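See structure below.
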Amino acid sequence: MRAVTVPFFISHQGCPHICVFCDQRTISGSDGALPDSGQILSTIDQWRETAGGRPLEVAFFGGTFTALPHDIQASLLEPLQKLLEDRIVQSIRLSTRPDYIDSDRVVWLAGMGVTTIELGVQSMDDAVLAASGRGHSGADSLYALNCIKNAGLTAGAQLMPGLPMDTPISSLDSLERVISAGADFLRIYPTVVLSGTELERKYLSGEFIPLTLDRGVALCAILLQRSMQAGIPVIRTGLQADSGLNSANIVAGCWHPAFGQLVRSRMYSDLIDQAVAPDEYVTLHCHSTRISDLLGMKKYNLRRQAERGVVMQVLSDPDLEREELRVTVKNSSKIYSIITDLHYSIHEV
Ligand code: SF4
């Protein structure tokens with residue numbers, strides 16, 4: 001049974017850095033205060049009431065958990081110990097920076113019931129990391145991923161394509177390197193320029209040109225397909241709309257409230273381009289959960305294909321896998337997979 005996540009946003013707490021893109025208060029929607037044990041327990045109680053018997057996973061998002069003073073880390077994790085023992089809370093996850101992870105920290109966290117650590121890797125390219133003010137290297141991320149994996153914990157990696165000095169090739173290379181290092185899952189957040197950040201200043205002065213939405217979608221389609229090929233889940237593509245982000249604090253960059261759907265729809269559109277010649281009448285069958293992705297946002301893919309003279313009829317088929325598409329043209333059918341049959345070149349992004 002899938003766990004219900006009980007989120008605690010710890011905002012900028014514990015982080016001594018100011019990355020060029022970061023306005024942590026904006027992203028987390030939090031005022032920066034840390035919850036005390038009473039707030040932690042009462043929040044968990046509230047979530048428990050609505051969880052319908054599903055297990056709970058406590059998640060500390062935002063900020064840099066392992067850069068907090070040790071006694072504060074302990075004060076956040078200790079209230080959870082009895083709940084873990086009683087199996088009310090099944091697991092704990094947290095996010096942090098790669099340079100605040102080492103074997104001793106991971107062993108202690110594992111002993112406190114932490115099962116998943118997400119690293120803000122962002123890029124594995126040292127030039128990109130330096131230009132983004134990250135203050136750590138790609139080697140730090142590799143080391144941190146190794147420590148987490150060696151302790152038997154689940155390792156997540158967040159990547160941020162489109163940072164200063166980044167290129168599509170460097171983004172793909174970063175993804176390949178975190179996959180090779182054993183990341184168990186990924187989040188891909190294309191760079192967004194937020195108001196009040198150093199990146200905004202660079203953008204307004206012309207020093208930084210952000211990814212457009214269209215280019216970001218094209219790049220993330222390639223990154224998502226590569227992750228699928230490697231069997232590594234991407235649990236989120238694009239920053240969440242309900243986490244304090246809104247059109248008032250987004251200055252520029254690659255953001256859409258349904259970014260993940262745009263990316264999946266793009267993959268279907270590209271597959272149809274490759275599989276169906278212009279001016280055909282085509283019947284497309286897909287898994288029932290993929291109908292809206294196949295049609296595209298506001299039926300964009302229907303209109304897009306109509307421009308090629310392709311008329312699409314879209315139906316669901318329970319026998320197909322989620323990533324499969326059966327294409328029928330003139331009574332001839334073939335099953336394609338967006339994992340293996342979609343051919344991309346990173347040089348075209
Ligand atoms: S490390 Fe994280 S919290 Fe700290 S400035 Fe960078 S993005 Fe923001």
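Keep in mind that this is a model prediction, so the values were computed, not measured. Just follow the structure's listing: the first ligand is 1, and inside any ligand the first atom is 1. Every heavy atom of this structure was used, including side-chain atoms; hydrogens, water molecules and symmetry mates were not.
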Query - NZ/NE/NH1/NH2 to OD/OE distance under 4.0 Å, E324 and R290 - result: no
Query raised in the report: Taking the side chain from S345 and the backbone from H347, do they hold a donor-acceptor pair closer than 3.5 Å?
Result: yes
Requested in this report: Check if Q122 has a non-hydrogen atom at a distance under 4.0 Å from any atom of ligand 1.
Outcome: no
Requested in this report: Could you list the atoms of ligand 1 found under 4.0 angstrom from a heavy atom of R97?
Outcome: 1 (S)
Query raised in the report: H17 heavy atoms, cut-off 4.0 Å: which ligand 1 atoms fall inside?
Result: 4 (Fe), 5 (S)
Query - Check against side chain to side chain donor-acceptor pair (under 3.5 Å), Y268 and N301 - result: CA-CA 8 Å; Y268 280 117; N301 284 352; over 6 Å; no
Query raised in the report: Is it true that a side-chain atom of R308 and a backbone atom of V276 form a donor plus acceptor pair closer than 3.5 Å?
Result: yes
Query raised in the report: Quick one: which ligand 1 atoms are inside 4.0 Å of a heavy atom on R134?
Result: 1 (S), 6 (Fe), 7 (S)
**Report entry** Atom indices of ligand 1, in the order listed, that fall short of 4.0 Å to a heavy atom of C19
**Finding:** 1 (S), 5 (S), 6 (Fe), 7 (S)
Requested in this report: Determine, for R304 against D273, whether the closest basic-nitrogen to carboxylate-oxygen distance falls under 4.0 angstrom.
Outcome: yes
